[in-house]
Participant: 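Once you've had a glance at the structure underneath, I'll fire off some questions.
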Amino acid sequence: MSPSSLLRPDPLPWLLETSTPGVRYLALRDLVGCAPDDPELIAARAAAYSAGPIATILANMEPEGYWVDPGAGYYPKYRGTVWSILALAQLGAHIAHDPRIGRACQYLLEHALTATGQFTANGAPSGTADCLQGELCWALVMLGCQDPRLESAFEWMARSVTGDGVAPLGARDAVVRYYAGKCGPTFACGSNNKLPCAWGGVKVILALSTVAPRRRTRVLRAAIEQGVEFLLGVDPAVADYPAGYSARPSGNWWKFGFPVFYVTDLLQNLEALIALGYGTDPRLSRALQLVHRKQDDSGRWILEYDYAGKTWFDVGPKKKPNKWVTLRALRVLRVQSAAEPASRRRAVGGAA
C-alpha cells in the first residue's frame, strides 16, 4: 500500500501522469518504491532528463560547469551556479545519469568552497552563512558528489553549530572564526539580528542527516544533537523561533513551495527531522496534522511560495494544486502513515 493511499482522494495517480515526467520519476522512486532496476522507473528517469526542469537547467549550463557568470555562483539570483545546483538536487538529478552534473559539482567545489571549509557567496570565508552551507552540502550529497573536499565543508558546518574550535567574531587573526553573517554557534546569523536562525538551522540539520550514523564524528553527533534540540525546542507547527528584527515568525513557514532555497517552510523542517528519525516523535504531531489539513478536497496541496520568472523553470500557478508540493507533502506524511496502527490506517483510508 502506498502512503498516499491513506489519503482520500488519493493524489498518487495525478503525480504519476506522464505529462510531468520529473514528478512521475520521483513519485515512482520515493512513494511507490520502485526498485532501481525497475523498467518503469528507468523509463521515467530518462523522460525526466530529456524534458522538463532538469533538461532546461542543464541546457543553460556553460561547458566549464557554471551558470550565467563564472566564480562562486551566488549571483545572479536565482539562475547562478548555486541556485541551479540546488534546483537540480531537489529535482532528483544525479551524477550517475549525466556527466554535466559532475562537472558542475567540481566547478562549485573549486570556486565556492574555501580552504577552511566554508561555502561562500563572495569567494572568502566571510561570505558564509548557515543556509548556504547547509543547502549546498545537502545538494552535493544528493547529486552523488563524493569528493573528499566535502569533508571539510561538513566539519566546518558541524563546528560552527557547536563552537568547537571556532574563534569568536572579533578574533580576526584566527584561521577559523565566526564572521558578520555566520556570527556564532547554534545558527546565530547576522541577518537575524545575531540570533539563531531556524531557516539556516533546518538546512544544516538536513545536510547532517545525509551522513550515515557510522560515519558521524564526535563533532557531527554533537551538532546534530544541538540542532535537533533547537528545532524541537518550540512546536514546529507554531515556528516561534527567534525572529531577529520582527516580533513574530515569518509567515513563509506556513507557505509550502518549490523549489526551496534559503526561505524555509514547515515541510522542510519536517523533512530534516524525519530524516534523522524523529518522524514519530510526538513533538511533531501538530506539525504533521497541519500538513494534513492543508490538503484540498481533491487530495492535493497548493503552491503557496515560488520563484516564478526568477529561475530556469516554473512549476505552475500559485494558489493552485501543485504536483511538486504534493510530492513533498506525501514524502513527509508517509513516515507518519507507516507508523500508525493498522486500525487507524483503516479508519483514515479504508480497508488495508
Participant: Of all heavy-atom pairs between Phe119 and Cys137, which one has the smallest distance, and what is that distance?
Facilitator: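 Closest approach of Phe119 to Cys137: CE1-SG, 3.9 Å.
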Participant: Given 3.5 Å as the limit, does a donor-acceptor pair link the side chain of Asn252 with the main chain of Lys255, or not?
Facilitator: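 No.
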Participant: Once rounded to the nearest 0.5 Å, what's the spacing between atom CD1 of Ile274 and atom CZ of Arg334?
Facilitator: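 Here the rounded value is 9.0 Å.
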Participant: According to the interplanar angle, ranging from 0 to 90°, do the rings of Trp83 and Tyr262 count as parallel (below 30°), tilted (30 to 60°) or perpendicular (above 60°)?
Facilitator: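 Rings of Trp83 and Tyr262: perpendicular, over 60°.
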Participant: When you measure from the side chain of Gln118 to the backbone N and O of Gln133, does any donor-acceptor pair fall under 3.5 Å?
Facilitator: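 Between the backbone of Gln133 and the side chain of Gln118 there is no qualifying donor-acceptor contact (under 3.5 Å).
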Participant: Considering residues at least two apart in sequence or located in another chain, which fulfil the salt bridge (charged side-chain N to carboxylate O under 4.0 Å, His left out) criterion with Asp240?
Facilitator: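 Here no residue qualifies.
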Participant: Go through the steps to decide whether Leu91 and Phe258 satisfy the test side-chain contact (heavy atoms from CB on, under 4.5 Å), and finish with yes or no.
Facilitator: CA-CA 10 Å; Leu91 292 165; Phe258 189 86; 3.9 Å; yes
Participant: Calculate, to the nearest 0.5 Å, the distance between atoms CD and OG1 belonging to Glu155 and Thr217 respectively.
Facilitator: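 The distance works out to 5.5 Å.
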Participant: Validate the cation-pi geometry between Arg45 and Tyr49: distance from NZ or CZ to the six-membered ring centre under 6.0 Å, angle to the ring axis within 45°.
Facilitator: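 No, Arg45 does not sit over the ring of Tyr49.
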Participant: Side chains of Trp312 and Ser84 only: does a donor on one sit below 3.5 Å from an acceptor on the other?
Facilitator: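 On atom types as modelled, these side chains qualify, holding a pair under 3.5 Å.
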Participant: Indicate yes or no for a side-chain donor-acceptor contact from Ser50 to the backbone of Ala47 under 3.5 Å, with no hydrogens or angles considered.
Facilitator: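 Such a contact is found between Ser50 side chain and Ala47 backbone.
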Participant: Can you measure from CG (Leu284) to CG (Leu266) and round to the nearest 0.5 angstrom?
Facilitator: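 Reported to 0.5 Å precision, the distance equals 9.0 Å.
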Participant: Tell me if the NZ atom of Lys77 is crowded by more than 12 foreign heavy atoms within 6.0 Å.
Facilitator: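 Yes, because the 6.0 Å sphere around NZ of Lys77 holds more than 12 heavy atoms from other groups.
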Participant: Quick one: does any side-chain atom of Thr311 pair with a main-chain N or O of Tyr78 as donor and acceptor, under 3.5 Å?
Facilitator: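 It does hold such a pair.
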Participant: For Ser246 and Ala243, indicate whether the former's side chain and the latter's backbone hold a donor-acceptor pair under 3.5 Å.
Facilitator: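 A pair under 3.5 Å: no.
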Participant: Whether Asp265 and Arg328 form a salt bridge (side-chain N of Lys/Arg under 4.0 Å from carboxylate O of Asp/Glu) is what I want to check.
Facilitator: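 Salt bridge present between Arg328 and Asp265.
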Participant: Under 6.0 Å from the CD atom of Glu64, do we count more than 12 heavy atoms belonging to anything else shown?
Facilitator: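 Atom CD in Glu64 is packed in, count exceeds 12.
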Participant: Is it the case that Thr186 and Gln226 place a side-chain donor and acceptor less than 3.5 Å from each other?
Facilitator: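 Side-chain D/A pair, Thr186 to Gln226: present.
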Participant: Could you walk me through whether Ile85 and Ile101 pass the side-chain contact (heavy atoms from CB on, under 4.5 Å) check?
Facilitator: CA-CA 8 Å; Ile85 282 179; Ile101 299 170; over 6 Å; no
Participant: Quick one, Glu62 with Arg100, criterion salt bridge (charged side-chain N to carboxylate O under 4.0 Å, His left out). Give me CA distance, side-chain angles, the key distance, then yes/no.
Facilitator: CA-CA 10 Å; Glu62 298 295 331; Arg100 290 174 292 180; over 6 Å; no
Participant: What closest approach, in Å, do Leu108 and Ala72 show between heavy atoms, and which atom pair accounts for it?
Facilitator: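 Nearest heavy atoms, Leu108 then Ala72: CD1-O, 4.2 Å.
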Participant: Nearest heavy-atom pair of Val315 and Asn322: which atoms, and what distance?
Facilitator: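 The pair with the smallest heavy-atom distance is O-ND2, 2.8 Å.
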Participant: Taking the six-membered ring of Trp67 (Phe, Tyr or Trp), confirm whether the NZ or CZ of Arg79 is under 6.0 Å from its centre and within 45° of its axis.
Facilitator: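 Here Arg79 fails the 6.0 Å and 45° test against Trp67.
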Participant: Would one find more than 12 heavy atoms of other residues, nucleotides or ligands at under 6.0 Å from atom NZ of Lys294?
Facilitator: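 Yes - once you tally the heavy atoms of other residues, nucleotides and ligands closer than 6.0 Å, there are more than 12.
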Participant: Answer whether the closest heavy-atom distance between the side chains of Pro185 and Thr162 falls below 4.5 Å.
Facilitator: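 Sidechains of Thr162 and Pro185: no contact.
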Participant: Look at Glu40 together with Arg29 and state whether they make a salt bridge at an N to O cut-off of under 4.0 Å.
Facilitator: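 Salt bridge: no.
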Participant: Cluster question for you: counting only ILVMFWY and a side-chain heavy-atom cut-off of under 4.5 Å, with indirect links fine, are Tyr179 and Val161 together?
Facilitator: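 In one cluster: no.
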Participant: Of all heavy-atom pairs between Ser160 and Val166, which one has the smallest distance, and what is that distance?
Facilitator: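 Scanning both residues, the minimum pair turns out to be N-CG2, 4.3 Å.
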Participant: Under the salt bridge (charged side-chain N to carboxylate O under 4.0 Å, His left out) definition, can you give me all pairs with a residue in residues 163-182, not counting sequence neighbours?
Facilitator: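 Applying salt bridge (charged side-chain N to carboxylate O under 4.0 Å, His left out) to every pair that reaches into residues 163-182, excluding sequence neighbours, yields Asp130-Lys182, Arg159-Asp164, Asp164-Arg218.
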Participant: Are more than 12 heavy atoms from other residues, nucleotides or ligands located less than 6.0 Å from atom CD of Glu17?
Facilitator: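 More than 12 within 6.0 Å, yes.
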Participant: Could you check whether any side-chain N or O of Arg103 sits under 3.5 Å from a backbone N or O of Pro63, counting only pairs where one atom can act as donor and the other as acceptor?
Facilitator: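 Such a contact is found between Arg103 side chain and Pro63 backbone.
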Participant: Is the side chain of Thr326 donor-acceptor paired with the backbone N or O of Lys323 at a distance under 3.5 Å, no angle test?
Facilitator: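 No; zero donor-acceptor contacts below 3.5 Å.
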Participant: So, taking the atom named CG in Leu273 and the one named CD in Gln268, what distance separates them when rounded to the nearest 0.5 Å?
Facilitator: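 The CG atom of Leu273 sits 11.0 Å away from the CD atom of Gln268.
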Participant: Using the rule given for side-chain contact (heavy atoms from CB on, under 4.5 Å), can you reason through Trp253 versus Asn269, listing the C-alpha separation, both sets of side-chain angles and the distance that settles it, and then say yes or no?
Facilitator: CA-CA 9 Å; Trp253 277 111; Asn269 199 357; 4.0 Å; yes
Participant: Any side-chain to backbone donor/acceptor pair from Glu304 onto Phe256? Under 3.5 Å, distance only.
Facilitator: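 Checked: pair present.
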Participant: Rounded to the nearest 0.5 Å, how far apart are CD of Glu135 and CG of Leu140?
Facilitator: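 Here the rounded value is 11.0 Å.
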Participant: Locate the shortest heavy-atom distance separating His111 from Gly71; write the atom from each residue and the value.
Facilitator: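 Smallest heavy-atom distance, with atoms named: CB-O, 3.4 Å.
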Participant: If you compare all heavy atoms of Ala167 against all heavy atoms of Ala174, which two are closest, and at what distance to 0.1 Å?
Facilitator: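 So the minimum-distance heavy-atom pair works out to CB-CB, 3.4 Å.
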Participant: Who pairs with Phe230 by ring pair (Phe, Tyr, Trp, His ring centres under 6.0 Å), at least two apart in sequence or on another chain?
Facilitator: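 For Phe230, the residues satisfying ring pair (Phe, Tyr, Trp, His ring centres under 6.0 Å) (neighbours in sequence not counted) are Phe187, Tyr241.
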Participant: So does Val211 get a backbone contact from the side chain of Arg216, meaning a donor-acceptor N/O pair under 3.5 Å?
Facilitator: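 Yes; judged by distance alone, with no hydrogens or angles, the pair exists.
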Participant: What's the verdict on side-chain contact (heavy atoms from CB on, under 4.5 Å) for Trp156 and Thr114, showing C-alpha distance, side-chain angles and the deciding distance?
Facilitator: CA-CA 10 Å; Trp156 155 259; Thr114 69; over 6 Å; no
Participant: Kindly indicate whether the side chain of Cys189, heavy atoms from C-beta on, has any atom under 4.5 Å from the side chain of Leu195.
Facilitator: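 They are not in contact (no side-chain heavy atoms under 4.5 Å apart), so the answer is no.
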Participant: Can you tell me if Arg149 and Gln106 form a side-chain donor-acceptor pair at under 3.5 Å?
Facilitator: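 Looking only at side-chain atoms, Gln106 and Arg149 do form a donor-acceptor pair, the distance falling under 3.5 Å.
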Participant: Compute the ring centroids of Tyr305 and Tyr307, then answer whether they are less than 6.0 Å apart.
Facilitator: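 Ring-ring flag for Tyr305/Tyr307: true, centres closer than 6.0 Å.
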Participant: Nearest 0.5 Å, please: how far is CZ in Arg221 from CG in Leu208?
Facilitator: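 Here the interatomic distance stands at 12.5 Å.
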Participant: Do Tyr178 and Pro168 come close enough that some side-chain heavy atom pair is under 4.5 Å?
Facilitator: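 Tyr178 does not reach Pro168 side chain to side chain.
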